Protein chains: 2
Amino acid sequence: MTKRKKYREGSIRTTSFDVAALAGVSQSAVSRAFKPGASIAPETRDKILDAARKLNYVPNSIASSLTTHRSNIVALILGDLHNPFYTHVLEAFGREMQDRDRQLLVFTVNEDLATDDAIMRLLRYQIDGVILTSAQLSTQMVGMCHNRGIPVVLFNRYIPQSGAFGVRCDNSWGGRQIAEAFLRAGAKTFGMITGDPNGTTSKDRVSGFVERLIENGVPRTAIRSFEGNSTYEGACDAVRRMHADADGLPDAIFGINDTMAMGAMDTLRHHLGLSVPGDVMIAGFDDIPEGARLPYQLTTVRQPIKRMVRATIEHLNLDNPGQPIDLTHDQPIRGHMVWRKTVPGDAPPEV
Amino acid sequence: MTKRKKYREGSIRTTSFDVAALAGVSQSAVSRAFKPGASIAPETRDKILDAARKLNYVPNSIASSLTTHRSNIVALILGDLHNPFYTHVLEAFGREMQDRDRQLLVFTVNEDLATDDAIMRLLRYQIDGVILTSAQLSTQMVGMCHNRGIPVVLFNRYIPQSGAFGVRCDNSWGGRQIAEAFLRAGAKTFGMITGDPNGTTSKDRVSGFVERLIENGVPRTAIRSFEGNSTYEGACDAVRRMHADADGLPDAIFGINDTMAMGAMDTLRHHLGLSVPGDVMIAGFDDIPEGARLPYQLTTVRQPIKRMVRATIEHLNLDNPGQPIDLTHDQPIRGHMVWRKTVPGDAPPEV
DNA sequence: CTGAAAGCGCTTACAG
DNA sequence: CTGAAAGCGCTTACAG
């Protein structure tokens, strides 16, 4: 038998029992008053809500999580926050989750080990789902999540056979668009500054880009690839290496993300004294707002963040827990070209 | 009497009872095995840890939070993430919290109402503390947190009489340094691009800056102030307004944060065709890495993020809950000048 | 050092 | 529509 003191003197915690006492109802009634759609008379609910307000009562989600096995918390694992794209992603998830009355437990990780570590931590919290942007994931960890019924969805990457669903932009299509734009502007030699060599995102953009070039008869030797580590600084360095290279700078450089494209532009202009797009044309990928600023005016392909974020949340099945994740709809989401000033010429009449 | 089935068939949840059964000990022992410093024989602990590993058992923090009233979760309320300074702040908090085995529940807010709303949400989660960066806070909400024993500390702002401790950079000192640098470079007329007019951060930087100028005999009419809304775009617009103003552009512009200083530079150079620092000198505040990039080379004052973050966490009293927040050590933390290229001249021999 | 048991603050069949 | 009570998975005096 559980004995409860209705009022613990000096206590700082107000529970549903306190509210029940004040409203003159049972504790179960208080619980129902706060559950939308629960079976309770409107007058009873009002009475209870009044009492709750008087006592500054707020239901304890920790306690309800324990019984319902739902915490209404979603974990978001973030990699490189220095790429503004991901801060926009964080913001979008924040907004969407707030709208759905869910909270975001955020983990920032650097190396792959840290991702597994983050997963171990969040496993303790009865998280409703995990969203992984960037960072690799051991299939063992995906397994641990699945055993506990925690859906994990990858944002902007996929890991074949991992059992985790991946929502992503049509990166390969985007790569093709950039290739197309460069060709149309008359470029004959090409450089790519690539991102995480283990991630599918960079690979897909590269392969779409190269494919389209090859289709158009560009010889493989006219397409060079430099690692840029996904960062601005990495891209600066990549351009210096291109410049030092026997073949010299290409006609066109594809920065696999906007941050790198911006680093490339700055290095070209302010370090090598060249003109963009006069001497070298440049395109990026993501369409971060920073790329639209006066000095950059970057031509790029926009990732449809909002749609991607919503698709990600949908696949979390937050409202019907237990539903298996639908792995069949693995369709990349297409973005669109944003024509600005770093590739000569205009948008073609109709893509 | 509580009856427990030792194994729930088909269950996906492994509890301390399952581990106890496998290890042949009581459930209390399992609990102790996972609590550092608990009274348990080393062999018993090893046996239990082995069993736990076999079962992929992870202690349920939700359950322990319920009993201990500690969740090991800290809430971080973030305002404008478009200012890279705050993404660095988020990263720093993430790292420090991970080191301390705490998780970060992140809320991104825009208007002031949203802050109160965020507080209402986090109140349900038995948060161990809340960190507020930017955004205003109603004293009523601070009160609700305090009633529940949840410490709240403001990062880089303070609200007198709010009862919430504020860790901040010595903004007024920083403003003075910038004024000093401008004066030394021979500027006679001055413009400021300000941030949130309700926040103390912008106000303090402004007042330090103006004070020093006045001390040096600069007439008040030679100091103008324009709202920049803390954003890059707002600063671009502010510069256009300065330019359209009867008095024209000043000799020197102080962007109250680096993002605004960068917006001002870009507008001056690429919109008005002027040279920085040739025609107008510029300084910022924060020392975000972006300001150090080739095209900017921004002279600024560095905020000691790491020290500020650590001080913030310290004041949360995470390890001695219940301790009242020490409100006496309210000392702003001093940063230091970073001399680059947007103010002519070099660092003085010794500041 | 160890175990039995109460309790943390909810939710939810179950019976009325 | 309402209440009594069991249970969620831990922690922690208490007694041994």
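The shown structure was predicted, so the numbers you read here are calculated from the model rather than taken from an experiment. Here is the naming used below: chain letters follow the sequence lines, and residue numbers restart at 1 for every chain.
- Remark: A/Thr201 pairs with A/Asn156, A/Arg157, A/Asn171, A/Arg205 by the side-chain contact (heavy atoms from CB on, under 4.5 Å) rule, at least two apart or across chains.
- C/dG16 and C/dT12 have their C1' atoms separated by 16 Å, with the value rounded to a whole Å.
- Atom CD of B/Glu43 is separated from atom C1' of C/dC1 by 10 Å (rounded to the nearest Å).
- DNA chain C is contacted by B/Leu66, B/Thr67 of residues 51-67 of chain B, taking any non-hydrogen atom closer than 4.0 Å.
- With sequence neighbours left out, the side-chain contact (heavy atoms from CB on, under 4.5 Å) criterion links B/Arg124 to A/Val58, A/Pro59, A/Ser61.
- With sequence neighbours excluded, the residues forming a ring-ring contact (aromatic ring centres under 6.0 Å, His included) with B/His88 are A/His82, listed by chain and number.
- Spacing between atom NZ of A/Lys47 and atom C1' of D/dC1 amounts to 12 Å, rounded to whole angstrom units.
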Nucleotide pairing, DNA chain D (Watson-Crick or G-U, distances under 3.5 Å), in dot-bracket with [ ] and |:
|||.||||||||.|||
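- For the pair B/His69 NE2 and D/dG9 C1', the computed distance is 15 Å after rounding to whole Å.
- Annotation: side-chain hydrogen bond (donor to acceptor under 3.5 Å, both in side chains) contacts of B/Arg307 (sequence neighbours excluded): none.
- Partners of B/Phe155 according to the ring-ring contact (aromatic ring centres under 6.0 Å, His included) rule, which considers only residues two or more places apart in sequence or in another chain, are B/Phe93.
- Heavy-atom minimum distance, B/Leu81 versus B/Thr87: O-CG2, 3.5 Å.
- Applying the side-chain hydrogen bond (donor to acceptor under 3.5 Å, both in side chains) test to B/Arg310 and every residue at least two apart in sequence or in another chain returns B/Glu96.
- Here the P atom of nucleotide D/dG9 and the OH atom of A/Tyr125 are 17 Å apart, to the nearest Å.
- Atoms CG (B/Asp18) and C1' (D/dC8) sit 13 Å apart, rounded to a whole Å.
- To the nearest angstrom, C1' of C/dG9 lies 13 Å from CZ of A/Phe34.
- Evaluation of the side-chain hydrogen bond (donor to acceptor under 3.5 Å, both in side chains) rule for B/Ser16 yields B/Gln27 as partners, not counting sequence neighbours.
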Any protein N or O atoms within reach of nucleotides 2-4 of chain C? Criterion: under 3.5 Å, listing atom names and distances.
| residue | atom | partner | partner atom | Å |
| --- | --- | --- | --- | --- |
| C/dT2 | OP1 | B/Thr44 | OG1 | 2.5 |
| C/dT2 | OP2 | B/Ala41 | N | 3.0 |
| C/dT2 | OP2 | B/Thr44 | OG1 | 3.3 |
| C/dG3 | OP2 | B/Ser26 | N | 3.2 |
| C/dG3 | OP2 | B/Ser26 | OG | 3.0 |
| C/dG3 | N7 | B/Arg32 | NH1 | 3.2 |
| C/dG3 | O6 | B/Arg32 | NH2 | 2.5 |
| C/dA4 | N7 | B/Ser28 | OG | 3.2 |
| C/dA4 | N6 | B/Ser28 | OG | 3.1 |

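- Counting to the nearest Å, the P atom of D/dG9 and the CG atom of A/Leu123 are 15 Å from each other.
- At least one side-chain nitrogen or oxygen of B/Arg13 sits closer than 4.0 Å to the OP1 or OP2 atom of D/dG9.
- Listed by chain and residue number, nothing satisfies the side-chain hydrogen bond (donor to acceptor under 3.5 Å, both in side chains) test with B/Asn56 (two or more places apart in sequence, or in another chain).
- Taking only side-chain nitrogens and oxygens, A/Lys35 never comes nearer than 4.0 Å to OP1 or OP2 of C/dC10.
- Residues A/Ile77 and A/Ala118 come closest through the heavy atom pair CD1-CB, 4.1 Å.
- Each side-chain hydrogen bond (donor to acceptor under 3.5 Å, both in side chains) pair with one or both residues in residues 36-49 of chain B, not counting sequence neighbours, would appear here, but there are none.
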